[in-house]
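First listed ligand is number 1; within each ligand, the first listed atom is number 1.
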Amino acid sequence: MQVTPDWLARLPKTELHLHIEGTLEPELMFALARRNGVALPYPSVEAARAAYDFSALQSFLDLYYAGASVLLTEQDFYDLTAAYLLRCRADRVVHTEIFFDPQTHTARGVPYATVLSGIRRALADAQAQFGISSKLILCFLRHLSEQDGFATLREAEPYLDLIDGVGLDSSEVGHPPEKFFRLFARCKALGLPRVAHAGEEGPPEYVWQALDLLDVCRIDHGVRALEDPALVAELIRRQIPLTVCPLSNVKLKVFERLADHNLRALLEAGLVATINSDDPAYFGGYVGENWRACTEALALSRAELTQLAINGFRGSWLSRPEQERWIAEIEAMTA
Ligand code: ADE
Ligand code: ZN
């Protein structure tokens, strides 16, 4: 059967790889800069957008951390998250699992509780108003020390019931998962589910380390796993989802063009691949645009798109009955 824009728009979707700081659109960045009296390195919204031309992950991260400097108050984090959730509603994202980077904010003197409270309040409103369910994942910055990560975890401990798990992000190469072995062991002892960015720019060895040393239940990106057949077999054996971010991968030059992306190859290998947006304000597309662009560039079939949608729910932290409910709706659209 043909893939129509309407069918794709109506398909229930998840987002399992989204950095809330990466949803800061230049318009909101400028509005918050004005509200908070923060100076920005760009003269205008247009100049900011024009600067989003990246050579690799690090050149993006430099602007991403600079942009986050306008986020100071609980209301700022609320406004940021609420704006993202409106995009979810437009794209029929019915469940989202959101990363936040507390170290980016606490290092500037913004209390952890301020960040957490603003994001949580927006998530609760979206559940009540739009029926969008969500999880929240605290990400440790891997370019910082494990000791710094431990300090962040200590700050988070009074509010552990307000997060659903932990992750690992920021500059990958040179900061292998093994650097955070003890921190993740402590998170495991606290009962926190774990994920990690691995195999975006880093080698398959980093994916092995995330699995074996950090005991993660999902790999964020993981596109380089295909270079290692034994790793592919292990990811399939353990049914580890990969949170693939196609437009991000093109913007950060992991693949030259979307038509070169290995998303179909991941699916054909039997991996639990999912579609996500990563940092949509910087990479030029939210979830819906990632689905549309991949469908076109890779000529994805209705069966492949259905599999990707089901993988999103299977890979999520929704309860099994909640997963089944959405999967039944997807299957009814395909029958
Ligand atoms: N932080 C925000 N986006 C990221 C990405 N794509 N990889 C690593 N760290 C990130
Ligand atoms: Zn990411």
>> Distance under 4.0 Å to a non-hydrogen atom of E200: what atoms of ligand 1 satisfy this?
In response: 5 (C), 6 (N), 7 (N), 8 (C)
> With hydrophobic residues grouped by side-chain heavy-atom distances under 4.5 Å, do V272 and L305 end up in a single group?
Replying inline: no
>> Please check whether H17 reaches ligand 1 - meaning an N/O of the residue sits under 3.5 Å from an N/O of the ligand, judged on distance alone.
In response: no
> For ligand 1, which atoms, with element, lie under 4.0 Å from some heavy atom of D169?
Replying inline: 1 (N), 9 (N)
> Applying a 4.0 Å heavy-atom criterion (strictly less than), which segment of F99 is in contact with ligand 1: side chain, backbone, both, or neither?
Replying inline: neither
> Just which atoms of ligand 1 are under 4.0 Å from any heavy atom in H221?
Replying inline: 6 (N)
> For atom 6 (N) of ligand 1, what is the nearest protein heavy atom, given as residue, atom name and distance?
Replying inline: D278 OD2, 2.7 Å
>> If the cut-off is 2.8 Å, does any N/O/S atom of D278 fall short of it from the Zn ion (ligand 2)?
In response: yes
> Does any N, O or S atom in H221 come within less than 2.8 Å of the Zn ion (ligand 2)?
Replying inline: no
> G22 near ligand 1, heavy-atom distance under 4.0 Å?
Replying inline: no
> If you stand at the Zn ion (ligand 2) and look out to NE2 of H197 and NE2 of H17, what angle do those two lines make, to 10°?
Replying inline: 90°
> Does any N/O atom on S248 come nearer than 3.5 Å to any N/O atom on ligand 1?
Replying inline: no
> Taking it one step at a time, do E268 and R264 satisfy side chain to side chain contact (heavy atoms under 4.5 Å, CB included)?
Replying inline: CA-CA 6 Å; E268 282 177 350; R264 172 177 283 117; 3.3 Å; yes
> Considering only the protein, which heavy-atom contact is closest to atom 4 (C) of ligand 1, and what is its distance?
Replying inline: H19 NE2, 3.6 Å
> Considering only protein heavy atoms, which is closest to atom 3 (N) of ligand 1, and at what distance to one decimal place?
Replying inline: D279 OD2, 2.6 Å
> Same cluster or not: are V244 and L57 linked, directly or through other Ile, Leu, Val, Met, Phe, Trp or Tyr residues, by side-chain heavy atoms under 4.5 angstrom apart?
Replying inline: yes
> Can a salt bridge be assigned to the pair R320 and E324 using a cut-off of 4.0 Å between side-chain N and carboxylate O?
Replying inline: yes
> With hydrophobic residues grouped by side-chain heavy-atom distances under 4.5 Å, do L153 and L136 end up in a single group?
Replying inline: yes
> Given G167, C139, S170, which one has a non-hydrogen atom that is nearest to atom 8 (C) of ligand 1?
Replying inline: S170
>> Apply side-chain hydrogen bond (donor to acceptor under 3.5 Å, both in side chains) to residues S134 and E97 and explain how you reach the verdict.
In response: CA-CA 5 Å; S134 55; E97 304 194 354; over 6 Å; no
> Which part of D220 is near ligand 1, with near meaning a heavy atom under 4.0 Å away: side chain, backbone, both or neither?
Replying inline: neither
>> Applying a heavy-atom cut-off of 4.0 Å, say which part of D101 lies close to ligand 1: side chain, backbone, both or neither.
In response: neither
> Short list, please: which atoms of ligand 1 are under 4.0 Å from a heavy atom of F60?
Replying inline: 2 (C), 3 (N)
> For H19, what is the atom name of its N, O or S atom nearest to the Zn ion (ligand 2)?
Replying inline: NE2
>> Determine whether the aromatic ring centres of residues F60 and Y52 are separated by less than 6.0 angstrom.
In response: no
> Should the ring pair Y112 and F100 be called parallel, tilted or perpendicular, given that the plane angle runs from 0 to 90° and is split at 30 and 60?
Replying inline: tilted
> Is it true that H221 and H197 have ring centroids separated by less than 6.0 Å?
Replying inline: yes
>> Would R218 pass as a cation-pi partner of W317, given that its NZ or CZ must be under 6.0 Å from the six-membered ring centre and within 45 degrees of the axis?
In response: yes
> Cationic tip of R87 within the cone over Y286's six-membered ring, i.e. under 6.0 Å and within 45° of the normal?
Replying inline: yes
